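The structure appears right after this line, and notes come after that.
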Amino acid sequence: MKVLLQRKLSFVFLIIQFLISAVFCGVAFYVEFIPTKYVAMLIIVCVVLLAYQLLSQLTNSSYIIGRVLCVFFCAFFIGGGYYIYDAHAAVEDIGGMETKLDEISFYVLKDDPAKGLQDAKDYTFGILGMQDRENTNKALQDAGKEVGKDLNVREFDDTSTLVDALYAKEVQVIVFNKAFLNIVEDQYSTFSTDTRELVKHQIETVVQQQVEETDVTTKPFNVYISGIDVYGDISTTSRSDVNVIATINPLTKKILLTSTPRDYYVELYKDGKSFSNGMPDKLTHAGIYGVDCSIGTLEHLYDIDIDYYVRVNFTSLKKIVNLLGGVEVYSDYDFISDWGPNGAGTHYKFKKGYNKVNGKKALAFTRERHHFENGDYQRGRNHQHMIEAILNKVMSPSVLPNFSSLLKESKSMFRTSMSTKKIISLCNMQLSDMAQWKITYANAEGSGSRKLTYSIRSNTQYVCDPNYSSVEKITKKINKFMKETPEDLEAEKGKKDSKATEDPQPTLAP
């Protein structure tokens, strides 16, 4: 009787281990970013463990050890399955969909008696006549419904004339997208203390990207990396101070990072058409009108197609670097950055060569430009160095212990238009071969001047006039990069080896 009971109990342990093992292998297969060869190995391990469990339960002397191991294996499979599924869910959250958040703010002078919209319903509201009218009109319509009447509106050419009108009390309220606030504060350093926000309207737009058929593991593609100049919510509309195109060739395991200065003086494009009506603007201002405007502008500048985008901000960079346990970033110079977490006065020193940085130091490294003779050009190069440092860490085995945590935090750290399926296929490819990628740089050049811009028309701004010769060279480099094959690299390597053999370096006479 006792033996029969033991046999039944052994059977229960076997069934439990079989079911949990099957679910674990099923989850590993379902998520797809684990390479097939590793899933096959997991299945073999599970079968071996089940076979051992079966043998142990048939042996009176070892069935207790077998049951203890069964509990251990089941706990491991449950934990591992949850880890894998949780990572997959995190990827689904960040891929394929972008939520665009616009905050339309209503400002009055600080000493204005109005406490809310009802108090200001008879005021004159100043707005921008050309820029961001769609969102502004939505906010005005909502405000009109709230107070029960159409608001009295007056249009202005740009933020400069708009703010001047508020200070001169020609209007009592000014309305604009908060994405313009940095531009306003650059022109009026005391704006935030001179005024107060009467009310704001949030307009959230969800843009579902079309499903792409491109296999990103076998065909080269371009990704626009946009670094917006704000903290907090990554979906907030803002200027794009980092504008890097990553050209990725999965066949040759090479990445080309092309940096374009934030002040590049170019015509803005959107949906293949001129957005700024022929009037150039700073590239950074394109971000105010949406990531699609930044993409369209760069596509027109370089005559290329950009397949996907990734948006990050100040908060993102700090979180990413900290979650990676810090990164080793290369610096071309010894320099000091005063872009510390507390602003000017907080200094970080960097040496020429590799520097281990945490999130705060990474932000200081990427924001500094005043201590460089070539200013924004070198800042763009530092952006490339930082992206390379992060990519090297992400694609190394050392990231695996924090892989799930990194993916779970990704939704708040960056947004991308790349679909979940494509992100998973790239993870699968990298986990399968753990390849070392070669990263190279290209930098657009230009010269400084002062000109009127589409966003600010009443006074000149510092801009960077493009060197179109450098732009043309970059276009050729990107196109060549995307056409390269492993065979091309082997042929090129063979030519170099042959030349080294035929034309050895001369030796100096003693």
Side-chain angles (χ1 to χ4, degrees), residues 98 100 130-134 179 183 207 209-210 212 214 219-229 237-248 256-311 376-377 380 383-384 416-418 441-449 451-457 461-483:
E98 162 72 358
K100 180 173 174 285
M130 294 289 294
Q131 296 91 342
D132 199 46
R133 278 303 298 268
E134 183 178 356
I183 294 177
V207 182
Q209 301 297 315
Q210 292 183 349
E212 318 91 349
T214 304
K219 294 182 181 180
F221 57 96
N222 289 311
V223 179
Y224 168 54
I225 302 173
S226 170
I228 58 176
D229 64 343
T237 301
S238 183
R239 297 182 301 185
S240 183
D241 276 1
V242 178
N243 299 279
V244 174
I245 300 170
T247 304
I248 300 170
L256 172 64
L257 299 177
T258 300
S259 177
T260 309
R262 67 186 292 277
D263 295 318
Y264 232 40
Y265 191 58
V266 290
E267 189 174 351
L268 306 186
Y269 275 77
K270 198 171 186 178
D271 299 325
K273 301 176 183 177
S274 174
F275 179 79
S276 55
N277 300 318
M279 187 173 188
D281 202 341
K282 294 185 180 189
L283 176 60
T284 184
H285 290 168
I288 295 172
Y289 308 110
V291 68
D292 50 344
C293 186
S294 295
I295 290 173
T297 300
L298 289 169
E299 285 182 327
H300 183 264
L301 177 66
Y302 292 111
D303 192 23
I304 60 171
D305 290 327
I306 295 176
D307 304 282
Y308 313 102
Y309 66 82
V310 175
R311 295 181 83 227
D376 199 51
Y377 181 90
H383 294 158
Q384 292 167 316
T416 179
S417 62
M418 183 176 285
Y441 303 155
N443 295 73
E445 301 173 2
S447 55
S449 64
K451 293 182 178 179
L452 297 177
T453 65
Y454 170 74
S455 297
I456 305 175
R457 307 180 183 199
Q461 304 292 309
Y462 172 82
V463 300
C464 181
D465 287 317
N467 178 334
Y468 284 103
S469 176
S470 75
V471 171
E472 185 178 351
K473 288 178 181 177
I474 289 172
T475 299
K476 290 180 179 178
K477 191 171 185 177
I478 291 175
N479 289 331
K480 180 183 177 183
F481 199 90
M482 295 187 74
K483 292 176 183 177

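Predicted model only: the values in this text are computed from it and were never measured.
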Which distance, rounded to the nearest 0.5 Å, do you find between the [atom1] of [X] and the [atom2] of [Y]?
{"X": "Glu472", "Y": "Asp303", "atom1": "CD", "atom2": "CG", "value": "10.5 Å"}
{"X": "Phe275", "Y": "Gln131", "atom1": "CZ", "atom2": "CD", "value": "8.5 Å"}
{"X": "Ser274", "Y": "Tyr454", "atom1": "OG", "atom2": "OH", "value": "8.5 Å"}

Taking everything shown except Asn479 itself, do over 12 heavy atoms lie less than 6.0 Å from its CG? yes
Tyr265: which residues meet the ring pair (Phe, Tyr, Trp, His ring centres under 6.0 Å) condition with it, sequence neighbours left out? none
Just distance, no hydrogens or angles: give the donor-acceptor pairs under 3.5 Å from side chains in residues 286-294, sequence neighbours left out.
unit_1: Tyr289; atom_1: OH; unit_2: Ser455; atom_2: OG; d: 2.7
unit_1: Ser294; atom_1: OG; unit_2: Gly287; atom_2: N; d: 3.3

Test item: [X] side-chain N/O and [Y] main-chain N/O as donor-acceptor pair under 3.5 Å:
{"X": "Ser276", "Y": "Leu268", "value": "yes"}
{"X": "Glu267", "Y": "Pro280", "value": "no"}
{"X": "Lys270", "Y": "Ile295", "value": "no"}
{"X": "Asn467", "Y": "Ser469", "value": "yes"}
{"X": "Ser470", "Y": "Glu445", "value": "yes"}
{"X": "Arg133", "Y": "Met130", "value": "no"}
{"X": "Gln384", "Y": "Leu257", "value": "yes"}
{"X": "Ser226", "Y": "Asn243", "value": "no"}

Applying side chain to side chain contact (heavy atoms under 4.5 Å, CB included), run through Lys477 and Leu256 and close with a yes or a no. CA-CA 9 Å; Lys477 191 171 185 177; Leu256 172 64; 4.0 Å; yes
Please evaluate residues Leu283 and Leu298 with respect to the criterion side chain to side chain contact (heavy atoms under 4.5 Å, CB included), reporting the C-alpha separation (whole Å), side-chain torsions for both, the decisive distance (0.1 Å), and the verdict. CA-CA 9 Å; Leu283 176 60; Leu298 289 169; 4.0 Å; yes
Before we go on, tell me: are the rings of Tyr224 and Tyr308 under 6.0 Å apart, centre to centre? no
Within-4.5 Å side-chain heavy-atom neighbours: [X] and [Y]:
{"X": "Met482", "Y": "Lys219", "value": "no"}
{"X": "Pro466", "Y": "Val266", "value": "yes"}
{"X": "Lys476", "Y": "Lys473", "value": "no"}
{"X": "Leu301", "Y": "Tyr264", "value": "yes"}
{"X": "Gln461", "Y": "Lys451", "value": "no"}
{"X": "Val244", "Y": "Tyr441", "value": "no"}
{"X": "Asp263", "Y": "Tyr462", "value": "yes"}
{"X": "Val223", "Y": "Ile306", "value": "no"}

For residues [X] and [Y], is any side-chain donor paired with an opposing acceptor at under 3.5 Å?
{"X": "Asn222", "Y": "Glu299", "answer": "no"}
{"X": "Ser449", "Y": "Asp465", "answer": "yes"}
{"X": "Thr260", "Y": "Tyr302", "answer": "yes"}

Partners of Asp281 by salt bridge (Lys or Arg N to Asp or Glu O under 4.0 Å), sequence neighbours excluded? none
Step by step, work out the side chain to side chain contact (heavy atoms under 4.5 Å, CB included) result for Thr258 and Ile478. CA-CA 9 Å; Thr258 300; Ile478 291 175; 4.1 Å; yes
List the atom of Leu452, the atom of Arg457, and the distance in Å for their closest heavy-atom pair. CD2-O, 3.3 Å
